[in-house]
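Taking it in order: structure first as structure tokens, then the write-up.
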Amino acid sequence: MKNIKNRLIILLGIALVLNSCQDDFLDQKNPNALPTSEFWKTTADLEGGLNAVYHSFKEEDCVYMGFENQRSDISYPSYLRPLSGIFEYYEQLFNNTSKLPNDKWAALYQGVFRANQVIEAYERLQGTFTSGSDSELVALRIYAEARGLRGWYYFMLHNTFNKGSVVLFDFVPKDKTQYQKSLSSSAEVLKFYRDDLEFAKENLLKVPLIATAPAGRISAGACDAILGKSYLYEGNFGVAATYFKSVMDNYDYALMPSIGSNFTTKDEFNKESILEVNYTTTLKSDQTDSDQLLSSTLGQQIGASGWSVSYPASWLIMKYKNDPVDMLDPKNLGLTDAYGVVKNRRFSERTSYSVALVDDTNPDFGYYGFNTTAEIPKFAKQWIAYWRKYTNWDIQNTDETKTSSGIIARSGVNVRLIRLADVYLMYAECMIETGNLPEARKFINKVRKRSHVVLIGNASSTENAEFNDGKTSFDELTYNKSELTEHLRYTERPLELAFEGGDIRLIDLRRWGVTKERFQYLSTLRYDQYNLIANGNGKNPIRYRCVIYNTGDIPDANVSGARIAEPDLNEFAAAAQNYDAERNGYLPIPLSEINSNSNLYK
């Protein structure tokens with residue numbers, strides 16, 4: 001935060017407004033050289049300030065998905081099994097000097113300070129706006145967005161750092177002493193950001209975004225969803241359900257026909273997306289690949305490359321492979337692959353769109369992963385799986401490094417922070433906790449049906465009437481509260497939402513109070529590796545040690561090669577030993593803040 005303070009002290013007006021990532025959304029004049037009193041005069045000035053707030057929203061460090069997911073149970077930090085080296089987040093060894101807490105704190109507070117500049121300017125200018133482009137209505141819309149974004153920044157800070165006790169700023173510091181603020185309680189921070197989100201929601205409903213406003217702005221629906229999450233996270237399931245119901249009923253959201261629409265450049269800002277970060281690789285004449293606020297490095301962080309910091313954990317790989325494909329559903333039958341071979345779907349649609357597996361024979365992705373996309377050179381020795389989400393497999397014919405001309409590959413895939421499927425599953429959790437199991441099963445099945453997998457429950461039950469069309473299979477299990485909770489936590493949410501929304505999996509485990517025992521359980525599992533000899537397109541490529549099964553499982557007919565004994569091939573052993581809820585449940589206040597804020601603990 002120290003660098004932010006120094007920069008803001010020099011500017012005292014507004015942070016640098018950078019060039020647009022989409023049309024002229026952020027293509028505004030640079031007010032750096034202007035004193036605050038001279039710059040903040042019109043709604044155009046407020047809009048320029050708001051654009052700077054959105055630039056902070058695009059900072060990847062605000063969510064830090066690569067390292068944050070290493071702290072949860074879904075991520076493995078290397079393609080090598082067993083590991084070689086030390087991985088501080090995966091092994092729960094991080095502290096207040098680590099890069100993650102320091103960078104994330106700085107990025108989120110940069111957003112807070114920029115939002116405060118807009119909020120403070122609006123409150124000073126209120127009543128002075130005239131008509132047309134300077135109308136009070138336009139200014140109110142800008143003010144509401146700024147407060148909604150500040151609410152999101154503090155939502156992230158509250159759920160990431162120090163059990164929610166962080167520093168509250170509702171003003172723009174004018175000198176160095178005003179940065180010296182003590183920590184506010186978790187309850188104070190919670191009330192503060194909820195007030196912001198409630199205000200933003202109410203006023204964005206009154207003042208809809210102007211028709212020419214580009215996609216990617218915070219909306220009333222997003223505010224509802226974040227508020228619902230805030231109540232869910234504190235265990236207030238009844239109130240949380242009302243917000244999620246509002247998201248489902250009062251806005252124009254809908255599940256996309258294909259889950260894959262949520263992870264690539266295709267169908268960005270679609271009807272399922274509630275809160276989305278906009279990226280692009282389309283550069284203007286004065287822009288380069290190094291402009292981190294235009295494009296994202298996420299695809300390379302999680303794809304198959306030397307830069308990758310996260311791979312799917314083995315238990316999750318096996319869960320994806322066992323996601324039951326519904327063989328009554330025509331969407332899974334008689335599909336023609338790239339070589340003209342007609343076959344049925346092997347792995348579920350959400351499996352194939354979420355993770356890349358060398359033994360995936362689904363027609364969408366060629367034969368055994370060796371198609372004409374970016375996945376041709378993948379799956380070297382021990383390369384068992386990688387995330388397909390947010391990589392450029394659909395638009396590149398080589399690999400992630402070809403998405404841009406720079407040393408570090410950039411990606412234009414938008415990052416969806418909240419989507420409707422997540423809301424459905426959070427609503428289902430609320431229904432479980434409040435005793436309405438049929439409603440919970442129904443919303444879980446809405447998500448499952450979209451990926452054409454076997455639905456849960458009885459075909460004859462009332463809640464499944466909308467799905468019982470003679471072309472849908474059900475597992476015919478009853479699912480009491482305990483069983484449905486288990487299914488939601490360890491099957492449905494990870495399969496649908498793995499590596500999404502920043503650190504939602506980490507928060508889920510923490511709020512359920514199961515993180516330690518989860519690591520302990522996963523550390524007991526063992527896996528075997530197999531070589532794969534594929535026979536696609538007249539070729540016979542061998543991929544060594546790239547297929548895994550649970551120890552004791554019998555591989556299916558699609559896998560060739562003998563089992564490779566690895567008695568020590570397990571995961572999360574260090575996490576099981578090192579995790580402590582007090583020390584690792586939240587990120588610590590970063591050392592940079594401790595050193596620069598003398599009043600922090602007063």
Side-chain angles (χ1 to χ4, degrees), residues 57-58 62-63 65 68-69 74 148 152 155-156 159 197 201 215-230 232-233 240-241 243-279 296 298-299 302 348-355 387-391 394 411-430 443-453 488 491-508:
F57 184 63
K58 290 162 62 69
C62 285
V63 291
M65 289 225 280
E68 283 286 32
N69 279 283
I74 63 168
W152 180 82
F155 168 82
M156 294 294 292
N159 287 291
L197 292 166
K201 170 191 170 181
R217 294 181 181 268
I218 196 162
S219 64
C223 293
D224 251 343
I226 300 168
L227 284 162
K229 280 178 175 273
S230 78
L232 177 72
Y233 289 175
Y243 282 99
F244 297 142
K245 198 73 165 58
S246 175
V247 172
M248 295 185 291
D249 294 348
N250 296 330
Y251 307 95
D252 194 27
Y253 301 122
L255 293 182
M256 293 295 289
S258 171
I259 189 175
S261 294
N262 297 299
F263 309 135
T264 69
T265 54
K266 179 184 177 181
D267 296 330
E268 292 180 329
F269 299 116
N270 62 54
K271 291 177 73 66
E272 187 171 344
S273 180
I274 296 172
L275 187 62
E276 183 169 333
V277 186
N278 184 29
Y279 292 111
S296 164
L298 183 59
I302 65 175
S348 74
E349 185 173 324
R350 67 176 169 186
T351 292
S352 294
Y353 278 108
S354 299
V355 294
W387 302 105
R388 185 172 269 130
K389 293 179 178 182
Y390 300 126
T391 60
D394 63 325
S411 171
V413 180
N414 287 1
V415 174
R416 285 73 159 181
L417 293 175
I418 308 175
R419 59 186 177 92
L420 187 61
D422 186 13
V423 172
Y424 278 3
L425 295 180
M426 289 188 292
Y427 179 73
E429 181 179 351
C430 293
F443 276 87
I444 289 172
N445 277 340
K446 285 179 182 289
V447 173
R448 293 180 69 82
K449 182 60 180 175
R450 188 258 298 275
S451 288
H452 315 293
V453 296
L488 184 73
T491 298
E492 212 61 53
R493 283 191 67 79
L495 286 181
E496 182 71 20
L497 301 165
F499 216 94
E500 293 187 45
D503 52 0
I504 59 173
R505 182 60 179 174
L506 177 73
I507 294 173
D508 280 349

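Quick note: residue numbers are just sequence positions, from 1. Reckoned from all heavy atoms, side chains included, excluding hydrogens, waters and symmetry mates.
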Discussion item. Within this structure, what is the CD-CZ distance for the pair Glu276 and Phe57, rounded to the nearest 0.5 Å?
Written reply: 9.0 Å

Practice prompt. Could you pull out the closest heavy-atom pair between Tyr424 and Lys446, with the gap in Å?
Written response: CE2-CD, 3.9 Å

Worksheet item: Is it true that Glu500 and Arg419 have a side-chain N and a carboxylate O under 4.0 angstrom from each other?
Response: yes

Worksheet entry | Side-chain touch Asn278/Phe269, heavy atoms, less than 4.5 angstrom | yes

Discussion item. In terms of relative ring orientation, are Tyr390 and Phe263 parallel, tilted or perpendicular, with 30° and 60° separating the classes?
Written reply: perpendicular

Worksheet item: Heavy-atom distance under 4.5 Å between the side chains of Glu68 and Val63, does that happen here?
Response: no

Discussion item. The criterion is side-chain contact (heavy atoms from CB on, under 4.5 Å); which residues satisfy it with Asp267, sequence neighbours excluded?
Written reply: Met256, Ser261, Asn270

Worksheet item: Does Arg388 reach the main-chain N or O of Ser352 with its side chain, forming a donor-acceptor pair under 3.5 Å?
Response: yes

Response to the item:
Correct closest heavy-atom pair for Tyr243 and Gly228 would be CB-CA, 3.6 Å

Item to complete: Heavy atoms only: give me the nearest Ile274-Ala225 pair and the separation to one decimal.
Response: CG2-CB, 4.1 Å

Worksheet item: Is the shortest side-chain N to carboxylate O distance from Arg350 to Glu496 below 4.0 Å?
Response: yes

Discussion item. What I'd like to find out is whether the side chain of Lys389 reaches to under 4.5 Å of the side chain of Asn262, using heavy atoms alone.
Written reply: no

Practice prompt. Assess whether side chain to side chain contact (heavy atoms under 4.5 Å, CB included) is satisfied between Asn159 and Lys229, documenting all intermediate values.
Written response: CA-CA 10 Å; Asn159 287 291; Lys229 280 178 175 273; over 6 Å; no

Worksheet item: Taking all atoms of both residues into account, what is the closest heavy-atom pair of Val277 and Lys58, and its distance?
Response: CG1-CA, 3.7 Å

Fill in: Asp503 side chain to Asn69 backbone, donor-acceptor under 3.5 Å
no

Practice prompt. Step by step, work out the side chain to side chain contact (heavy atoms under 4.5 Å, CB included) result for Tyr251 and Ser246.
Written response: CA-CA 8 Å; Tyr251 307 95; Ser246 175; 4.0 Å; yes

Worksheet item: Which distance, rounded to the nearest 0.5 Å, do you find between the CZ of Arg416 and the CG of Leu497?
Response: 13.5 Å

Discussion item. Looking at Glu349 and Arg450, is any side-chain nitrogen of the basic one under 4.0 Å from a carboxylate oxygen of the acidic one?
Written reply: no

Item to complete: Determine whether Leu232 and Cys430 make a side-chain contact, defined as any pair of heavy atoms from C-beta on separated by less than 4.5 Å.
Response: yes

Response to the item:
When rounded to the nearest 0.5 Å, the distance separating OH of Tyr233 from CD1 of Ile507 is 4.5 Å

Discussion item. Can you tell me how far apart CG (Asp224) and OH (Tyr253) are? Round to the nearest 0.5 Å.
Written reply: 8.5 Å

Response to the item:
Minimal heavy-atom distance between Ser451 and Ile259, with the atoms involved, is OG-CG2, 4.1 Å

Worksheet, complete the sentence: From the list Leu275, Ile504, Ile226, Asp422, side-chain contact (heavy atoms from CB on, under 4.5 Å) with Leu417 holds only for Leu275

Worksheet entry | With sequence neighbours excluded, residues passing side-chain contact (heavy atoms from CB on, under 4.5 Å) with Ala428 | Ala440, Phe443, Ile444

Practice prompt. For Val423 and Met248, work out which heavy atoms get closest and say how close.
Written response: CG1-CG, 4.1 Å

Worksheet item: Hey, is NZ on Lys245 packed in by over 12 heavy atoms from elsewhere, all under 6.0 Å?
Response: no

